[in-house]
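Taking it in order: structure first as structure tokens, then the write-up.
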Amino acid sequence: MVGYSWCEEFLGSFVMFCNKASESKRATLASTILVAVKSSSSSRSSDPCDRKKPIPQISRSYSGQFTPNTQKFGDNNLDGFTRPMIQTKVMTGAVPGTRQFSVVESVCRILHQLKWSPASEEALEKLNCALDPYQANQILKQLQDYRVAVGFFYWLKQRPGFKHDGHTYTTMVGILGRAREFGAINKLFGQMITDGCKPNIATYNRLIHSYGRANYLNEAVGVFNQMQKVRCVPDRVTYRALIDIHAKSGYLDVAINLYQRMQEAGLSPDTFTYSLIINCLGKAGHLTAAHKLFCEMVSQGCVPNLVTYNIMIALHAKARKYQCSLQLYRGMQSSGFEPDKVTYSIIMEVLGHCGHLDEAEAVFAEMKRKNWIPDEPVYGLLVGKIWQR
DNA sequence: GTAGGGTTAG
């Protein structure tokens with residue numbers, strides 16, 4: 001039985017939450033509550049945990065269709081190219097009473113203030129200093145805006161006496177990958193080779209990660225195959241990226257197969273990879289195997305982290321092994337891990353299913369005491385629980 | 001001397 005005081009407190013927090021929320025958030029929240037109310041009033045067994053998601057179809061062929069971005073570097077709206085000259089004071093050297101800026105700092109300040117523009121190009125020319133690829137890479141790494149990075153990279157490329165190396169090319173591949181500029185990546189990759197810089201494992205991993213994050217699974221696998229053709233041996237990062245993107249796309253069998261290949265290659269999994277595969281096995285319905293792998297991980301001296309525990313708790317909760325979830329929850333705490341919002345959310349649901357609403361109340365209070373702000377789904381869940389009383 | 005990655009819930 002849920003105490004009245006808890007309901008009152010919860011509703012108080014709920015009203016406060018609603019007052020703080022924006023109109024759109026309130027609308028979303030209203031629909032969340034409606035769903036919770038509808039589901040609890042229509043059937044008592046229709047809690048979120050009971051709702052079965054369709055099993056991912058794991059044998060289908062890849063559907064990623066890659067259309068290269070044909071945008072050219074010269075006309076991709078590089079900031080300021082079409083604007084009048086910006087008259088901004090740029091600090092590029094010694095100022096009385098202050099320390100001398102390094103070349104890297106000076107260039108970064110120019111690019112930060114002027115982005116890529118005729119003004120920044122002029123300021124860079126005025127600096128009149130020779131940059132080496134190491135410094136160029138230090139600068140590139142600090143550029144958040146890919147358009148600035150592209151402008152600076154190609155400005156460097158045409159500078160007499162300057163030559164990009166594998167590091168600067170790889171950094172640039174990463175920057176373009178984050179921006180999902182695949183047409184530009186292809187162009188750059190070709191230039192890297194004609195420039196005599198051999199792509200290495202870091203370059204290939206960046207490509208795989210970029211394609212994977214954009215859901216271009218075929219292209220990511222293509223890079224994986226290509227790198228092996230040129231005898232670049234995949235490492236942990238390669239396998240981890242491929243396992244992750246396949247698991248996320250529902251190709252659980254491919255992910256598990258990659259894990260086996262990784263082991264065959266003599267690469268031992270780390271906490272991150274174990275977590276990915278444990279989740280994969282559990283989602284594919286192999287909970288015993290997932291649990292076994294969790295035990296193996298511990299026995300191998302690989303320490304589970306909070307996410308590993310959250311995965312294990314959630315997998316057992318989904319399989320309705322609520323006591324196992326609670327046992328893992330306690331084990332996690334005795335191992336010194338503080339639950340986070342994800343843990344609390346799962347555990348409240350588990351306790352709700354077990355009928356321990358007083359304990360769910362205590363967890364809710366603890367969650368708030370530890371400054372975790374309950375979000376819409378958590379409120380939706382609790383509204384559903386109250387409605388069921 | 002530099003370069004690569006990120007997992008979990010509803």
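All values below were derived from every heavy atom in this structure, side-chain atoms included, with hydrogens, water molecules and symmetry-related copies excluded. Treat the numbers as computed from the prediction; the structure is a model and nothing was measured. Naming: A, B, ... by sequence-line order, numbering from 1 per chain.
The CD1 atom of I243(A) sits 13 Å away from the P atom of dT8(B) (whole-angstrom rounding). dG6(B) atom C1' lies 13 Å from atom CD1 of I277(A), rounded to whole Å. Taking atom CG on D340(A) and atom P on dT8(B), their separation rounds to 13 Å, with Å as the unit. Y322(A) places its OH atom 16 Å from the P atom of dA9(B), with the value rounded to the nearest Å. Distance R213(A) CZ to dG6(B) C1': 10 Å, rounded to the nearest Å. Atom pair L131(A):CG and dT2(B):P shows a separation of 19 Å (rounding to whole Å applied). What separates CG of L252(A) from C1' of dT7(B) is a distance of 14 Å, to the nearest Å. Remark: P of dT8(B) and CH2 of W372(A) are 16 Å apart, rounded to the nearest angstrom.
Nearest nucleotide to the side chain of K141(A), out of dA9(B), dT2(B), dT8(B): dT2(B). With dT2(B), dT8(B), dA9(B) as the candidates, the nucleotide lying closest to the side chain of I311(A) is dT8(B). Closest contact between the side chain of N137(A) and the listed nucleotides dT7(B), dT2(B), dG10(B) involves dT2(B). In this structure, of dG6(B), dG10(B), dG1(B), it is dG1(B) that holds the atom nearest to the side chain of Y134(A). Candidate nucleotides dT2(B), dA9(B), dG6(B) were compared by shortest atom distance to the side chain of Q138(A), and dT2(B) ranks first. Closest to the side chain of N310(A), out of dA9(B), dT7(B), dT8(B), is dT8(B). Distances from the side chain of L276(A) to the nucleotides dA9(B), dT7(B), dT2(B) place dT7(B) closest.
Between K248(A) and dG6(B) there is no side-chain N or O to OP1 or OP2 distance below 4.0 Å. Side-chain N/O atoms of R236(A) include none lying less than 4.0 angstrom from OP1 or OP2 on dG6(B).
Aromatic ring centroids of F224(A) and Y239(A) lie under 6.0 Å apart.
Contacts of I313(A) with the nucleic acid, taken as non-hydrogen atoms under 4.0 Å apart, are absent. Within the 4.0 angstrom heavy-atom criterion, base atoms lie near D270(A). Across all strands shown, A314(A) has heavy atoms under 4.0 Å from sugar-phosphate atoms exclusively, and none from any base. N279(A) comes within contact range of the sugar-phosphate backbone alone, with a heavy-atom separation under 4.0 Å but no base atom that close. Within the 4.0 angstrom heavy-atom criterion, base atoms lie near H167(A).
A distance cut-off of 5.5 Å between ring centres, combined with a plane angle under 30°, leaves F272(A) outside any stacking arrangement with the base of dG6(B).
At a threshold of 4.0 Å, the pair E366(A)-K370(A) counts as salt-bridged, since one of the basic side-chain nitrogens sits closer than that to a carboxylate oxygen.
The closest side-chain donor-acceptor pair between E349(A) and Y344(A), if any, does not fall under 3.5 angstrom. Checked by atom type, the side-chain pair Q191(A)/Y169(A) shows no donor-acceptor distance below 3.5 Å. If you check the side chains of N137(A) and T171(A), you find a donor sitting under 3.5 Å from an acceptor.
H209(A) meets the ring pair (Phe, Tyr, Trp, His ring centres under 6.0 Å) test with no other residue; sequence neighbours excluded.
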